[in-house]
Amino acid sequence: MKLYNTETKTKQEFVPQNPDHVTMYVCGPTVYGYSHIGNARPPVVFDVLSRLLRRLYPRVTYARNITDIDDKINKSAADEGVDISVISERYTRAYHADLEALGVLPPDIEPKVTDHINEIFQIIQQLIDADHAYEADGHVLFSVNSYAGYGELSKRSPDELLAGARVDVASYKRDAGDFVLWKPSTDDQPGWHSPWGRGRPGWHIECSAMSAAHLGTTLDIHGGGHDLIFPHHENERAQSVCAHGGKIFVKYWLHNGFVNVDKEKMSKSVGNVLLIRDLLDSVPGEAIRYVLLGAHYRAPLDWNDDVVTQARNSLDRLYGALRKLADVPLPEGDHEHVPSAFIAALHDDLNTPQALAELFALARRANSETDPVGLSKIKAAMLQAGELLGLLQQDPQHWFAGTSSTDDVAEIDALIEQRLAARAAQDWALADQIRDELAARHVVLEDGADGTRWRIEKPVS
RNA sequence: GGCUCGAUGGCAGAGUGGUUAUGCAGCGGCCUGCAAAGCCGUGUACGCCGGUUCGACUCCGGCUCGAGCCUCCA
């Protein structure tokens with residue numbers, strides 16, 4: 001398998017440090033609000049990667065953290081007059097619900113920052129002891145100048161960073177690039193008693209502490225959004241390397257591209273932030289997932305009404321093929337039937353668009369093949385390939401029924417029965433009238449040799 | 001200003017130094033009572049200008065346009 005490594009800027013053959021146990025750490029959310037569609041991309045992308053890794057290696061440990069102490073959380077908690085845990089737990093639950101709707105499997109470990117304050121103390125102390133960090137004015141800061149490798153991940157030199165700095169440099173910093181490991185809390189702010197006074201962790205240190213605690217000092221894969229390359233991952237890398245005596249922190253750095261909305265970056269000021277929970281009111285979670293996997297993970301992805309409609313229609317085609325195979329039994333045994341071209345696409349830096357193309361090739365074969373044994377294998381191949389992408393796992397009829405209630409379904413079935421009777425009597429006018437009635441309710445009929453099927457066709461919104 | 005990345009047919013979106021991406025939408029045919037679904041067929045697509053080459057959408061240079069990052073935004 002080849003993966004594009006941000007640090008080397010090349011696609012590299014993936015060689016884990018220990019083939020018996022692969023480790024992956026992905027930066028999770030800071031839980032201060034509901035997740036938007038951009039927040040969904042990393043968990044979906046790395047969900048596919050974790051599925052692929054589990055197929056290749058006997059043991060994979062995938063950790064995705066929850067950042068539950070942060071100034072934005074503090075502000076929300078203060079505004080509502082509640083403990084920060086009320087805020088963080090509320091939005092953690094929402095995050096889990098959103099991701100479940102998108103077919104994202106839970107990671108093996110989901111560490112929370114507030115459960116790792118002691119680990120954070122330890123790593124900060126290690127950095128101080130090794131002269132990579134210093135105390136100043138109640139803060140503990142990482143000294144950028146103490147680490148020659150600083151900037152290697154994001155391809156920036158400290159000088160350039162200084163030149164472009166667009167913030168005021170705090171007076172207690174030795175160097176403008178130095179960043180906070182620990183900062184003091186006022187009495188009304190959440191805080192922990194530390195060797196450096198009561199305070200709270202800085203932004204980057206938690207990932208260094210938690211990844212080491214759960215996965216060891218060197219990770220095989222570390223992922224996150226493109227925007228995290230700098231400063232977050234650059235700083236994490238500096239902290240971890242320096243705290244661990246120069247040991248390599250991450251073998252492969254992976255970063256996904258952004259999701260734009262109608263060609264614009266999502267931002268609160270533009271007012272174009274699309275929350276997953278809102279999208280789910282009108283778009284099936286699987287269609288959202290399809291959109292996210294329809295572009296290569298490193299490329300920017302534009303979200304608009306068209307791509308959603310196209311995703312839904314594309315899934316109609318795939319589920320249509322599977323529905324034709326509804327009565328075809330799966331092959332005996334647990335052999336793998338996934339086409340090699342599908343696997344090859346995913347092994348080439350997670351080329352999900354190419355993998356989807358292979359899935360459509362299977363659908364075409366499913367629609368033309370007549371041999372029962374062949375059909376059985378195609379069905380298994382589609383389901384197994386779909387599972388690697390986290391798609392096509394629901395009953396096809398369930399997909400086509402959309403959000404219809406059981407009452408709707410009973411009513412639709414009754415009308416179809418009436419129409420079948422009319423057709424049997426060659427009363428085409430009545431048959432067409434019933435079909436029109438159903439069409440007005442967005443129910444589209446498909447007459448086949450073995451009966452009439454139906455599906456919900458959502459109007460283009 | 002610095003760094004990074006892009007520009008593919010109506011839309012989305014892979015890929016390759018010379019041969020069909022794929023899907024959606026459209027058009028024609030088959031099938032169908034008529035449809036729908038499906039199958040078959042169908043599109044002189046690779047931002048502009050140079051260069052390398054027998055040959056470039058694919059490599060190199062320049063240009064134009066666009067996107068992201070430059071201290072807490074996935």
Side-chain angles (χ1 to χ4, degrees), chain A residues 6 9 26-30 35-45 67 70-72 144 151 154-157 159-167 169-170 173 176-180 202-204 223-232 234-235 255-260 263-268 273 290-291 294-296 298-302 304 306-318 320-321 323-324 345 348 351-361 363-364 366-368 423 426-429 431-432 435-436 439 444-449 452-455 457:
Chain A
T6 304
K9 293 173 64 180
V26 173
C27 286
T30 300
S35 300
H36 57 65
I37 185 62
N39 294 315
R41 199 173 188 188
V44 168
V45 164
T67 297
D70 168 272
D71 285 352
K72 289 190 287 289
V144 167
S154 56
K155 318 298 174 199
R156 289 160 212 268
S157 73
D159 295 348
E160 286 166 356
L161 292 173
L162 255 179
R166 58 183 185 189
V167 292
V169 177
K173 288 190 181 181
D178 292 352
F179 53 91
V180 170
W203 176 30
H204 317 290
H226 190 75
D227 58 320
L228 295 180
I229 297 172
F230 189 88
H232 185 53
E234 188 70 59
N235 292 355
H255 295 96
N256 63 272
F258 259 49
V259 178
N260 298 316
K263 312 269 187 209
E264 254 188 311
K265 181 174 172 174
M266 257 185 289
S267 73
K268 282 180 183 156
V273 175
Y290 186 100
V291 173
H296 185 83
R298 281 192 283 121
L301 173 69
D302 192 50
N304 56 57
D306 281 349
V307 300
V308 174
T309 303
Q310 290 181 15
R312 204 198 297 258
N313 291 347
S314 300
L315 281 166
D316 277 350
R317 175 161 170 83
L318 294 173
R323 186 172 57 175
K324 273 187 74 161
D348 182 14
N351 192 338
T352 51
Q354 185 61 48
L356 285 169
E358 300 301 337
L359 211 42
F360 283 105
R364 184 178 304 282
N367 287 328
S368 344
R423 290 184 70 213
Q426 300 206 342
D427 184 349
W428 308 128
D432 290 351
R435 188 167 61 195
D436 290 345
V444 179
L445 301 187
E446 300 169 17
D447 295 326
T452 295
R453 302 184 186 284
W454 61 275
R455 65 190 161 87
E457 185 172 70

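What you see is a predicted model, and the numbers here were worked out from it, not measured in a lab. So that the names make sense, note that chain A is the first sequence line, chain B the second, and so on, each numbered from 1. We use all heavy atoms of the structure for the numbers below, so side chains are in, but hydrogens, waters and symmetry mates are not.
With sequence neighbours left out, A:P43 forms a side chain to side chain contact (heavy atoms under 4.5 Å, CB included) with A:R64, A:Y95, A:L99, A:V104. For the side-chain hydrogen bond (donor to acceptor under 3.5 Å, both in side chains) test, no residue two or more places apart in sequence or in another chain qualifies with A:D227. Scored by the side chain to side chain contact (heavy atoms under 4.5 Å, CB included) test, A:R317 finds A:F360, A:R364, A:N367 as partners (sequence neighbours excluded). For A:R455, the side-chain hydrogen bond (donor to acceptor under 3.5 Å, both in side chains) partners two or more places apart in sequence, or in a different chain, are A:E446. By the salt bridge (Lys or Arg N to Asp or Glu O under 4.0 Å) test, A:D432 pairs with A:R435, sequence neighbours left out. Here A:N351 pairs with nothing under the side-chain hydrogen bond (donor to acceptor under 3.5 Å, both in side chains) rule; sequence neighbours left out. Remark: A:P231 engages A:W203, A:H204, A:N235 in a side chain to side chain contact (heavy atoms under 4.5 Å, CB included) (not counting sequence neighbours). Take A:T30 and apply the side-chain hydrogen bond (donor to acceptor under 3.5 Å, both in side chains) test, not counting sequence neighbours, and it matches no residue. Residues satisfying the side chain to side chain contact (heavy atoms under 4.5 Å, CB included) criterion with A:A311, sequence neighbours excluded, are A:Y290, A:V291.
Nearest nucleotide to the side chain of A:P231, out of B:rC69, B:rC40, B:rU71: B:rU71. For A:V444, the listed nucleotide lying nearest its side chain is B:rA36; candidates were B:rU22, B:rA36, B:rU71. For A:P353, taking side-chain heavy atoms from C-beta onward, the closest of the listed nucleotides B:rU71, B:rG38, B:rA14 is B:rA14. Considering only the side chain of A:R455, B:rA37 comes nearest among B:rA14, B:rC39, B:rA37. Taking the side chain of A:M266 as heavy atoms from C-beta on, and the options B:rC39, B:rA74, B:rA14, the nearest nucleotide is B:rA74.
As rounded to whole Å, 11 Å separates atom C1' of B:rG6 from atom NE2 of A:H226. Look at CZ on A:R156: it is 5 Å from C1' on B:rC70, rounded to the nearest Å. One atom, CG of A:L356, and another, P of B:rA14, lie 11 Å apart when rounded to the nearest Å. Distance, A:F258 CZ to B:rU4 P: 19 Å, rounded to whole Å. In this structure, A:L301 atom CG and B:rG13 atom P are separated by 7 Å, rounded to whole Å. With rounding to whole Å, A:R298 atom CZ is found 8 Å from B:rG6 atom P. As a whole-Å value, the separation of A:K155 NZ from B:rC5 C1' is 14 Å. Regarding A:F230, its CZ atom lies at a distance of 17 Å from the P atom of B:rG2, rounded to whole Å.
Among the atoms of the strands shown, only primed sugar atoms or phosphate atoms (P, OP1, OP2) are found under 4.0 Å from some heavy atom of A:N351. Within the nucleic acid shown, A:H232 has no heavy atom closer than 4.0 Å to any nucleic acid atom. Within 4.0 Å of A:G294, counting heavy atoms only, lie sugar-phosphate atoms of the nucleic acid but no base atom. Residue contacts shown for A:K9 are limited to sugar-phosphate atoms, with no base heavy atom under 4.0 Å away. Here A:V259 lies in heavy-atom contact (under 4.0 Å) with a base.
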- Item | Audit row: A:R41, A:L301, side-chain contact (heavy atoms from CB on, under 4.5 Å) steps and yes/no | CA-CA 10 Å; A:R41 199 173 188 188; A:L301 173 69; 3.6 Å; yes
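Nearest heavy-atom pair across A:N260 and A:P300 is ND2-CB, 4.2 Å. Shortest non-hydrogen contact noted between A:R298 and A:H255 is CG-O, 3.6 Å.
For B:rC60 and B:rA67, the P atoms lie 24 Å apart once the distance is rounded to whole Å. For the P atoms, the distance from B:rG47 to B:rC69 is 25 Å, rounded to whole Å. Nucleotides B:rC40 and B:rC49 place their C1' atoms 43 Å apart, quoted to the nearest Å. Taking atom P in both B:rU19 and B:rG26, one finds a spacing of 30 Å when rounded to whole Å. With P as the reference atom, B:rA45 and B:rU8 are 14 Å apart, rounded to whole Å. Of the P atoms belonging to B:rU4 and B:rA56, the separation is 30 Å, rounded to the nearest Å. B:rA35 sits 11 Å from B:rC30 when the P atoms are compared, rounded to a whole Å. Spacing between B:rG33 and B:rU20 at atom P, rounded to whole Å, works out to 38 Å.
Mapping A:Y290 and A:G320 onto RNA chain B by nearest heavy atom places A:Y290 closer to the 5' end of the strand. Comparing A:R41 and A:A363 by the nucleotide of RNA chain B that holds the closest heavy atom to each, the one mapping nearer the 5' end is A:A363.
For the OP1/OP2 pair of B:rA74 and a distance below 4.0 Å, the side-chain nitrogens and oxygens of A:N256 include no atom meeting the criterion. Put simply, A:N367 has no side-chain N or O that comes within less than 4.0 Å of OP1 or OP2 on B:rG38. For A:R364, a side-chain nitrogen or oxygen approaches OP1 or OP2 of B:rC40 to under 4.0 Å.
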- Task: State the dot-bracket string of RNA chain B. Criteria: Watson-Crick or G-U wobble, both atom distances under 3.5 angstrom; notation: ( ) intrastrand, [ ] crossing earlier pairs, | interstrand, . unpaired.
- Result: (((((((..(((.....[...))).(((((.......)))))....(((((..]....))))))))))))....
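A donor-acceptor pair under 3.5 Å links the side-chain atoms of A:E234 to the main chain of A:S154, judged by distance alone. A distance-only check finds no donor-acceptor pair linking the side chain of A:D436 to the backbone of A:A439 [under 3.5 Å].
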Every protein N/O lying under 3.5 Å from an N/O of nucleotides 24-27 of chain B:
none

- Would you mind building the protein contact string for nucleotides 28-35 of chain B? One character per nucleotide, 5' to 3', B for base within reach (heavy atoms under 4.0 Å), S for sugar-phosphate only, - for untouched. -----BBB
